[in-house]
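Reviewing the structure listed below.
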Amino acid sequence: MKIVVTGANGQLGRELVEGKFEENTVEIIGFSRNELDITNLLHCRDVLAKHRPDIVIHCAAYTAVDQAESEPDEAFRVNSAGTRNVAVAAREIGAKLCYISTDYVFDGTATVPYNEFDRTHPQTVYGKSKLAGEFAVQTLHDRFFIVRTSWVFGKYGNNFVKTMLRLGKEKDRLKVVADQIGSPTYTYDLAAFLIELVQTDYYGIYHVSNTESCSWFGFAKAIFEDSSTPIHLEPCTTEEFPRPAPRPFFSVMDHSAIRSNGFTPLRPWREALQHFLKDCE
């Protein structure tokens with residue numbers, strides 16, 4: 001079975017292409033932005049027709065959440081039109097499509113975890129553009145997986161864990177937002193789940209994150225504790241750190257589709273964090 005991964009230089013894309021997973025007998029081919037321009041329909045058609053994968057995992061995206069507020073056209077060009085192009089090209093060669101989406105499709109006002117069929121209501125350009133990508137997939141393809149994830153961290157690219165570890169070496173005091181709640185997701189665990197998922201015919205929308213939840217403050221506290229980094233950590237509010245794009249206050253996702261389709265839920269986020277830190281040693 002052959003899988004093509006778009007956005008192969010990103011956090012998740014690199015994990016899929018370079019990660020070593022148990023019982024992984026699939027062939028994975030990754031394409032970076034330079035090798036596959038998803039904003040060009042003809043290029044998408046040419047590349048996928050040449051390689052003829054069984055599955056496309058579409059990780060390529062415009063992910064600069066704050067910058068998207070001042071560049072909406074570019075965000076929609078990549079996340080909406082680009083996803084349309086991948087969906088059209090994948091369907092033409094008979095390949096399944098897995099689209100990576102985000103917790104930002106919700107408004108963050110819930111008090112219980114969001115399940116896959118709760119009403120979407122994005123509050124940012126980024127969230128709206130990713131939801132537009134979801135609509136493109138559902139409209140233009142007939143065998144798809146939409147996987148929404150959140151608070152992604154891993155060995156590749158920039159992420160919250162790496163930032164905290166760097167700041168822990170540079171500072172002796174740090175303030176971290178404590179009024180935003182979500183679920184961290186380890187790229188290694190997410191990638192392993194995706195490889196298992198796409199080999200099935202259990203199509204639909206999935207919420208995939210490591211189990212259990214925390215605030216950014218709680219996440220940072222765990223990072224410093226588990227890496228034995230001495231630092232004085234202080235909680236603060238979102239209002240103290242204004243950003244161009246509003247962050248959801250609550251984006252914990254319920255894993256209903258994972259359970260109902262018989263998959264094993266991902267391990268708790270703290271366990272995943274410890275695996276990541278050990279892997280970095």
Side-chain angles (χ1 to χ4, degrees), residues 10-12 14-15 19-21 63 65-66 100 102-104 106 108 110-114 147-194 206-243 245-255 258-259 263-281:
Q11 274 199 91
L12 178 59
R14 281 190 69 185
E15 192 77 72
K20 306 294 184 217
F21 305 103
T63 57
V65 175
D66 288 322
I100 308 304
T102 173
D103 56 322
Y104 277 77
F106 297 109
T111 54
V112 296
Y114 288 100
V147 174
R148 297 174 182 147
T149 191
S150 60
W151 295 26
V152 176
F153 72 95
K155 67 193 293 186
Y156 304 109
N158 297 315
N159 55 66
F160 183 77
V161 179
K162 287 185 177 180
T163 299
M164 290 299 106
L165 292 173
R166 175 177 56 79
L167 291 174
K169 293 175 182 176
E170 298 171 357
K171 300 175 180 290
D172 54 9
R173 302 177 72 88
L174 196 63
K175 281 188 173 185
V176 180
V177 170
D179 58 0
Q180 296 172 21
I181 310 295
S183 296
T185 308
Y186 184 24
T187 52
Y188 180 87
D189 293 350
L190 175 57
F193 176 81
L194 292 175
Y206 288 79
H207 286 176
V208 184
S209 58
N210 285 96
T211 50
E212 301 179 2
S213 60
C214 59
S215 67
W216 289 113
F217 174 80
F219 194 13
K221 190 168 182 284
I223 292 164
F224 294 130
E225 285 177 359
D226 293 349
S227 62
S228 301
T229 303
I231 190 169
H232 180 73
L233 205 59
E234 294 179 33
C236 68
T237 65
T238 298
E239 286 183 350
E240 292 177 67
F241 280 91
R243 308 285 287 275
R247 271 38 180 189
F249 280 98
F250 185 90
S251 62
V252 180
M253 296 190 296
D254 180 51
H255 308 122
I258 288 180
R259 296 190 302 272
F263 293 108
T264 302
L266 275 58
R267 59 186 155 179
W269 67 264
R270 185 90 184 237
E271 244 179 77
L273 171 64
Q274 290 163 357
H275 182 279
F276 167 77
L277 293 171
K278 189 176 180 182
D279 200 38
C280 289
E281 289 176 354

Exercise. Where do Gly154 and Asn159 come nearest, in terms of heavy atoms and distance?
Worked result: O-ND2, 3.0 Å

Exercise. Between atom CG of Leu277 and atom CD of Glu225, what is the distance when rounded to the nearest 0.5 Å?
Worked result: 11.5 Å

Problem set entry | Phe219 and Phe160 aromatic ring geometry - parallel, tilted or perpendicular at 30°/60° bounds | parallel

Exercise. Taking it one step at a time, do Leu233 and Phe217 satisfy side chain to side chain contact (heavy atoms under 4.5 Å, CB included)?
Worked result: CA-CA 8 Å; Leu233 205 59; Phe217 174 80; 3.7 Å; yes

For this session: With sequence neighbours excluded, tell me which residues meet salt bridge (Lys or Arg N to Asp or Glu O under 4.0 Å) with Lys155.
Result: Asp279

Exercise. Ring centres of His207 and Phe106 under 6.0 Å apart?
Worked result: yes

For this session: Supply the atom-to-atom distance Asp254 CG to Arg259 CZ, rounded to the nearest 0.5 angstrom.
Result: 4.5 Å

Seminar exercise, completed: Distance col, row Met164:CE vs Lys169:NZ, nearest 0.5 angstrom, shows 13.5 Å

Seminar exercise, completed: Interatomic distance, CG@Leu266 vs CG@Asn210, rounded to 0.5 Å, equals 5.0 Å

Exercise. Hey, are the side chains of Arg247 and Val65 touching, using non-hydrogen atoms and a 4.5 Å cut-off?
Worked result: yes

Seminar exercise, completed: When every non-hydrogen atom of Trp269 is compared with those of Gly218, the smallest separation belongs to CH2-O, 4.1 Å

For this session: Could you tell me whether the side chain of Asp179 and the main chain of Thr238 form a donor-acceptor pair under 3.5 Å?
Result: yes

For this session: Answer yes or no: is there a donor N or O on one side and an acceptor on the other, between the side chain of Glu240 and the main chain of Thr237, under 3.5 Å?
Result: yes

Problem set entry | Within the 6.0 Å centroid threshold, strictly below: Phe263 and Phe193 | yes

Exercise. Just wondering, more than 12 heavy atoms not from Glu239 lying within 6.0 Å of its CD?
Worked result: no

Problem set entry | Which atom of Gly182 lies closest to which atom of Pro184, heavy atoms considered | O-CD, 3.9 Å

Seminar exercise, completed: Residue set satisfying side chain to side chain contact (heavy atoms under 4.5 Å, CB included) with Arg14, at least two apart, ordered chain then number -> Glu18, Tyr156

Problem set entry | Electrostatic pair Arg270-Glu212, nearest N-O below 4.0 angstrom | no

For this session: Compare all side-chain heavy atoms of Leu12 with those of Thr149 and state whether any distance is below 4.5 angstrom.
Result: no

Exercise. Rounded to the nearest 0.5 Å, what separation is found between the CD1 atom of Ile181 and the SG atom of Cys214?
Worked result: 7.5 Å

Exercise. Do Asp103 and Ser150 have a side chain donor and acceptor closer than 3.5 Å?
Worked result: no

Problem set entry | Ser209 versus His255, closest heavy-atom pair with distance | OG-NE2, 2.8 Å

Problem set entry | Neighbour count >12 (heavy atoms, 6.0 Å) for atom NZ, Lys162 | yes

Problem set entry | side chain to side chain contact (heavy atoms under 4.5 Å, CB included) between Asn158 and Thr163, intermediate numbers included | CA-CA 7 Å; Asn158 297 315; Thr163 299; 5.6 Å; no

For this session: Could you grab the distance from atom CG of Leu194 to atom CD1 of Ile100, nearest 0.5 Å is fine?
Result: 4.5 Å

For this session: Using atom types as modelled and distance alone, determine if a side-chain donor or acceptor of Tyr114 lies under 3.5 Å from a backbone N or O of Gly108.
Result: yes

Exercise. How close do Phe241 and Val177 get, heavy atom to heavy atom, and via which atoms?
Worked result: CD1-CG2, 4.3 Å

Problem set entry | Side-chain heavy atoms of Phe250 within contact of Ser213, under 4.5 Å | no

Problem set entry | His275 versus Tyr186, side-chain donor and acceptor atoms under 3.5 Å | yes

Exercise. Do you know the tightest heavy-atom contact between Leu174 and Leu167?
Worked result: CD1-CD1, 4.0 Å

